[in-house]
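Some notes on the structure that comes next.
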There are 2 protein chains.
Amino acid sequence: MNVSSKPERTRLSAEDWELAALQLIAEHGVGALAVEALARQLGVTKGSFYWHFRTREALLHAALERWEQYGEREVLGQIEQISDPRKRLPELFRRVAHELQPHRVYAALLKALDHPQVVPVMARVSQRRMEFLTTAYREAGLAPPQALNRARLTYAAYVGFLQLNFTLGLPRLNHEEFDAYVEHMITTLIPA
Amino acid sequence: MNVSSKPERTRLSAEDWELAALQLIAEHGVGALAVEALARQLGVTKGSFYWHFRTREALLHAALERWEQYGEREVLGQIEQISDPRKRLPELFRRVAHELQPHRVYAALLKALDHPQVVPVMARVSQRRMEFLTTAYREAGLAPPQALNRARLTYAAYVGFLQLNFTLGLPRLNHEEFDAYVEHMITTLIPA
DNA sequence: GGCAATCCATACTCTTCCGTATGGTCAACG
DNA sequence: CGTTGACCATACGGAAGAGTATGGATTGCC
């Protein structure tokens, strides 16, 4: 809690700036990533920043790289350990649905696809996830062309739900309504 | 073609500014909506702008309102005239899929849900479209709870596809691949 | 043609934010 | 305990863009 609210008067490292940048991106988007604002939030001034980073773009690049590295195998790694291929996709859906917090950054980056720096990162991440989905659908019994299109459809639904739910707050679902929606997704998208 | 490239030396109205703003939003996002940039594009200076509008926010508000008014009943109005309810949804899918041009503004606004001005507009538009989808699914034979969730799923897939395809350029589909994807959507999401 | 309203250009101010220059402070270590 | 290097504050320069002030140009209308 007091990582950013109470600076605790310890000195900062480049990692601190990158984590603070990711948090700020998740809350206010890439456009709000200003060094002076970040410095105020961290309780220091710009002088600190320009010791750790050469430029603002360097910070964004480092933060995106960190996110791409560490935020990846949180979900996919655990799912791959499930032996039964037919149980993988429902479990993936349920886990992703109930751990929406790590996806805040992804939702924010989705709204920043104007910036040339985030496009390659998002392209790589989306590509990997889509390939994961495609093979999962193939292992679940779909023919290759069907599996590919189903993966596209599933991933589009995921991305769209992030946009609509997070930043637009629509549809406004309570807990049980949300669970019902997830189960509806499972029965609709995953072959029996 | 020469609406913006050749100003034809005619004087401008507020409508001209709003249309130019929408075009600029569709191409470069809401963040790129700067009055001096727009003025350069229209072949005039800021002096013209601040005669027609009190502030930059006023222009954005007017442009959004115009978009919400005129860009709505292009698709939905035609679909409602289809008598057979079971043929409405496939036809809706195909038309939306092949007229993606009017959805560029929607895709751009989707990436600008940080701005407080666009949130209510997008909320209204998305709400209306989702209600349209829900009744269409009910008329296609789904029970009310199923129809609601199916509408959410469909609309999320639509929104996600806009994001992934337009601004990220992924998945990169040619014409027949795209048609196959649309047909896959139809068979997967619409009850037989 | 002349007048008034409409439309636009020019020339400012003000704010925000990136980046630089430079000196100060604190901790570690010999 | 003094020196060194890591870390930070302060002050500045410069670019970009919003908004204002004011006068000039152009159009419609009598």
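Naming: A, B, ... by sequence-line order, numbering from 1 per chain. This one's a predicted model, so the numbers in the text were calculated from it and none came from an experiment.
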Q) Out of C:dC8, C:dC18, C:dC12, which nucleotide sits closest to the side chain of B:L12? A) C:dC8
Q: Taking side-chain hydrogen bond (donor to acceptor under 3.5 Å, both in side chains) as the test, write out the residues that go with A:R128, two or more places apart.
A: A:E68, A:E72
Q: With the side chain of B:S48 defined as its heavy atoms from C-beta on, choose the nearest nucleotide among D:dG19, C:dC8, C:dA9.
A: C:dC8
Q) A:T45 side chain: which of D:dA25, C:dT20, D:dT10 is closest? A) D:dT10
Q. Which whole-number value in Å describes the distance from B:F53 CZ to C:dC8 P?
A. 12 Å
Q | A:A34 or A:G47, whichever maps to the more 5' nucleotide of DNA chain C | A | A:A34
Q. When clusters are formed by joining ILVMFWY residues with side-chain heavy atoms under 4.5 Å apart, either directly or through shared neighbours, do A:V119 and A:L64 land in the same one?
A. yes
Q: Give the rounded distance in Å between these two atoms: CZ of A:F49 and P of C:dC17.
A: 14 Å
Q) Taking atom types as they are modelled, is there a donor-acceptor pair under 3.5 Å from the base of C:dT6 to the side chain of B:R11? A) yes
Q) How close or far is atom C1' of D:dC12 from atom CD of A:E36, stated in whole angstroms? A) 12 Å
(Q) Please report the distance, rounded to the nearest Å, between CH2 in B:W51 and P in D:dT20. (A) 16 Å
Q: Write down the distance between CG (A:L38) and P (C:dG19), rounded to a whole number of angstrom.
A: 13 Å
**Q.** Nearest-Å distance for atom pair CG/C1', residues A:D16 and D:dC8
**A.** 14 Å
Q: Decide side chain to side chain contact (heavy atoms under 4.5 Å, CB included) for B:L59 and B:V35; before the verdict, give the C-alpha distance in whole Å, the side-chain angles of both, and the deciding distance to 0.1 Å.
A: CA-CA 9 Å; B:L59 169 66; B:V35 324; 5.7 Å; no
Q.
Among C:dC18, C:dT6, D:dG19, which nucleotide has an atom closest to any side-chain atom of A:Y50?
A. C:dC18
Q: Look at the side-chain N and O atoms of A:T55 and state whether any lies under 4.0 Å from the OP1 or OP2 oxygen of C:dG19.
A: yes
Q.
Going by the rule side-chain hydrogen bond (donor to acceptor under 3.5 Å, both in side chains), which residues pair with B:E91 if we only count those two or more places apart in sequence or in a different chain?
A. B:R95
Q. Tell me: NE2 of B:H52 to C1' of D:dA18, nearest whole Å?
A. 18 Å
Q.
How many whole angstroms separate atom CH2 of B:W17 from atom P of C:dC7?
A. 13 Å
Q.
Looking at B:Y158, I'd like to know if the NZ or CZ of B:R129 sits under 6.0 Å from its six-membered ring centre while staying within 45 degrees of the ring's axis.
A. no
Q) Considering only D:dA18, D:dA25, C:dA9, which nucleotide approaches the side chain of B:V44 most closely? A) C:dA9
